[in-house]
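Order of listing sets the numbers, starting from 1, for every ligand and every atom in it. Just the heavy atoms: all of them, side chains too, but no hydrogens, waters or symmetry mates, feed the values below. All residue numbers refer to positions in the sequence shown, counting from 1.
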Amino acid sequence: MSADGPTVLEQIQRARVVPVVVVDDANEGLGVAASLRDGGLPVAEVTFRTAGAAAAIEAIARELPDVLVGAGTVVTPAQVDEAVEAGARFLVSPGLSAPVVRRAQEIGVPILPGVATPSDIIAALDLGLSAVKLFPANVVGGPGAVTAFSAPFPGLRFVPTGGVSAANLLDYLALPAVLAAGGSWMVDRALVRAGDWAEITRRTREAVELAATLTTEGA
Ligand SMILES: O=C(O)C(=O)C[C@H](O)[C@H](O)COP(=O)(O)O
C-alpha cells in the first residue's frame, strides 16, 4: 500500500477473483460491470477479442469509476496503448511477450502475462514481474501445477485462469502463491447476450462469498 492507497495488484489481491469478460459493445460492458459490482466484485477484465472491447472499457471507466477495469487478451504493444488510452488500469495476456510487457512497463500499467512453463516463468522474472497469470490453469495441471511451479520460484504470485469455476475456486485461492483467480464463469457469454444481469450478479455474489470463507491474512 502506498500513500495513494492500494496499488492495482493489491486491489486485485483483495478482490481475489478477476472476472474475464467478453462483450460486443459499450452497453454490454456497462451491464456486466454494474452486475459484477452489484455482486460485490468491482473488477472487470474486458478481453480484446471483440471490436467493441475498447469502447466497453472506455464506457466502464467513464460511467462506473468505482469498478477496476482492465483489458484482457492483450497480445501486441499497440493493444497495450489502445487499452490504456481507453482507460484500462491493468492488462492481462494469455502468454508472455517481452515487447508487450515492456510497453506496459514503459507506461506504468501493471500487466499479468500468461505463463504455462518454468521457462515462461524465468522470462517473466527476467522482465521484473512479481505476479503472472497461469494459463490455461486447468490444462497445465490445476492447483497442483501452482504448487509445483511455486516451489522453485518462491515469492512469485499466480493468477490461475482457465477452467476456474465456483466448484474449484477455493482449491486455487487456498494456495499461498495464488494472488487471485480469473475466469469467465460468472459472466458466461450466453448470460451477457440474454442481458441476464441478475444471474451474473448471483454468480458473482456466490464467488465473493466463497472467497470470503478463506482468510486472506498473509496473502
Ligand atoms: O483472453 C485471455 O487473455 C485469456 O487468456 C483467456 C481467458 O482468460 C480465458 O478464456 C478464461 O478462461 P475460462 O474462465 O475457462 O473461460
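- Nearest non-hydrogen protein atom to atom 11 (C) of ligand 1 is T161 CG2, 3.8 Å.
- In terms of N/O distances under 3.5 Å, ligand 1 is approached by S184.
- Scanning all heavy atoms of the two residues, the minimum distance from G182 to V20 falls at C-CG2, 4.4 Å.
- The nearest protein atom to atom 3 (O) of ligand 1, hydrogens excluded, is given as T73 N, 2.9 Å; this is a heavy-atom distance.
- Both V67 and L191 belong to a single network of hydrophobic side chains, linked directly or stepwise wherever heavy atoms of I, L, V, M, F, W or Y lie under 4.5 Å apart.
- Between P152 and A148 the shortest heavy-atom distance is CD-O, 3.2 Å.
- In this structure, atom 4 (C) of ligand 1 lies nearest to the protein heavy atom K133 NZ, 3.1 Å.
- Taking every non-hydrogen atom of G162 and a distance limit under 4.0 Å, the qualifying atoms of ligand 1 come out as 12 (O), 15 (O).
- Of all protein heavy atoms, the one lying nearest to atom 15 (O) of ligand 1 is G163 N, 2.8 Å.
- Contact between G114 and ligand 1 is absent, with no heavy atom of the residue lying under 4.0 Å from the ligand.
- M186 is listed as a side-chain neighbour of V17, based on a closest heavy-atom distance under 4.5 Å.
- By the 4.5 Å heavy-atom criterion applied to side chains, L175 and T147 are counted as neighbours.
- Within the 4.5 Å cutoff, the side chain of L169 has heavy atoms near those of the V164 side chain.
- The minimum heavy-atom distance linking A131 with P113 is given by the pair O-CD, 4.2 Å.
- The hydrophobic cluster containing L96 does not contain L179, counting ILVMFWY residues as joined when their side-chain heavy atoms lie under 4.5 angstrom apart, directly or transitively.
- At the shortest separation from atom 6 (C) of ligand 1 among protein heavy atoms lies R49 NH2, 3.2 Å.
- Atoms of ligand 1 found under 4.0 Å from any heavy atom of G183, numbered from 1 in the order shown, are 14 (O).
- When only interatomic distances are considered, the shortest N/O to N/O separation between G182 and ligand 1 does not fall below 3.5 Å.
- For a threshold of 3.5 Å applied to N or O pairs, the pair formed by S93 and ligand 1 contains no separation below that value.
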